K.L.:
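Take this structure, written in structure tokens, and hold onto it; I'll ask about it next.
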Amino acid sequence: FEDKMNYAVKSYGLDQIFISYNLTKDQHPEDMIVFGFLLEDLDRVLFEKRNFPKIKFKTFGDTYKLTNAPVKLENKKNKKIVFYSYNLIKNLSFLYLNQFDYKRSECEIDLKKDLFKFFINEIIENTGNLNQKLIFVTFNFQEDILEPSWRYEFIKNYLTSKNIIHLDTKDILFKHMKKNNLQPYNYYSSEDLHLNSLGNEIIASELKILIGQHK
């Protein structure tokens, strides 16, 4: 933004946001911190691996601690022979036959919710200690615009309960869609399923206004 106000932006997976903020928080006292994440990042926190092995938070008593840090990359010398095509077909067949819909999946839902609360509460405490202003921006895939998942309701309600400034991009795009007689696909790229130039322009404009209101 064309603005002289100091602010820092964090936009990764939820666990990456948390780690990144903890590593850099002392560099931005009394600044505005903007966190952005996709709702599905709530599920990815539990992954042992995505494209590569990743950090993971595990339960220790009444709190959570980081494990696999630094990330232990696989030893190429000990690689196994894996038939990826066979595993892919087998897994997809299982999901199809069981009518699996990851949008509605509530697998480990309590753990996901508790981890989210842990991240948010820790961030709130630290931003308070450093006198930082806090904004959260939540992003959605296009199918969530008309049919929000349990993740949307839970995250929005929890951020509201903590009096966090929250830019709800689903709500923004839905209002723009209705006003201009558009469809959800008008705001998303068909190549990577993320926001296209129109979607990004609308969200960036609203975020700029919100930041200006809370200088």
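As the structure is a computational prediction, the values presented were derived from the model and not from experiment.
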K.L.:
Donor-acceptor check, side chain of Asn157 to backbone of Phe154, threshold 3.5 angstrom: yes or no?
P.N.:
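Not at all, since once roles are kept as given, no pair shorter than 3.5 Å links the two residues.
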K.L.:
Can you name the nearest heavy-atom pair linking Tyr185 to Asn196, along with the distance?
P.N.:
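The pair with the smallest heavy-atom distance is O-ND2, 4.4 Å.
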K.L.:
Any ion pair linking Asp41 and Arg44 (charged N to carboxylate O, less than 4.0 Å)?
P.N.:
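Asp41 and Arg44: salt-bridged.
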K.L.:
Taking the six-membered ring for Trp, are the ring centroids of Tyr187 and His176 within less than 6.0 Å of each other?
P.N.:
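Between His176 and Tyr187, which both carry aromatic rings, the centre distance is below 6.0 Å.
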K.L.:
Short question: side chain of Thr127, backbone of Ile124 - any donor-acceptor pair under 3.5 Å?
P.N.:
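Yes, the answer is positive, given that a donor and an acceptor are paired below the 3.5 Å cut-off.
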K.L.:
Should the heavy atoms of other residues, nucleotides or ligands under 6.0 Å from CD of Gln213 be counted, would the total exceed 12?
P.N.:
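Yes, CD of Gln213 has more than 12 neighbouring heavy atoms, counting only those of other groups under 6.0 Å.
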K.L.:
Is a side-chain N or O of Glu153 found less than 3.5 angstrom from the main chain of Pro148, in a donor-acceptor match?
P.N.:
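Checking the backbone N and O of Pro148 against the side chain of Glu153, no donor-acceptor pair under 3.5 Å is found.
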K.L.:
Applying the side-chain contact (heavy atoms from CB on, under 4.5 Å) test to Asp168, which of Thr138, Val137, Thr160 qualifies?
P.N.:
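For Asp168, the side-chain contact (heavy atoms from CB on, under 4.5 Å) check succeeds only for Thr138.
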K.L.:
Looking at Phe18 versus Phe118, is the centre-to-centre ring distance below 6.0 Å?
P.N.:
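Yes.
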K.L.:
Are the side chains of Tyr21 and Asn126 in contact, using a 4.5 Å heavy-atom criterion?
P.N.:
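Heavy-atom side-chain distance check passes, below 4.5 Å.
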K.L.:
Quick check: closest heavy atoms across Leu38 and Phe141, and the distance to 0.1 Å?
P.N.:
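The answer is CD2-CZ, 3.3 Å.
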K.L.:
Would you name the heavy atoms of Lys162 and Asn121 that are closest together and state the gap between them?
P.N.:
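Between these two residues, the closest heavy atoms are CE-OD1, 3.3 Å.
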K.L.:
If you draw the axis of the six-membered ring of Phe174, does the NZ or CZ of Lys170 fall within 45° of it and under 6.0 Å from the ring centre?
P.N.:
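Yes; both conditions hold, so Lys170 lies above the ring face of Phe174.
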K.L.:
Look at the side-chain heavy atoms of Ile, Leu, Val, Met, Phe, Trp and Tyr, link any pair under 4.5 Å apart, and say whether Ile209 and Leu173 land in one connected group.
P.N.:
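Cluster IDs for Ile209 and Leu173 differ.
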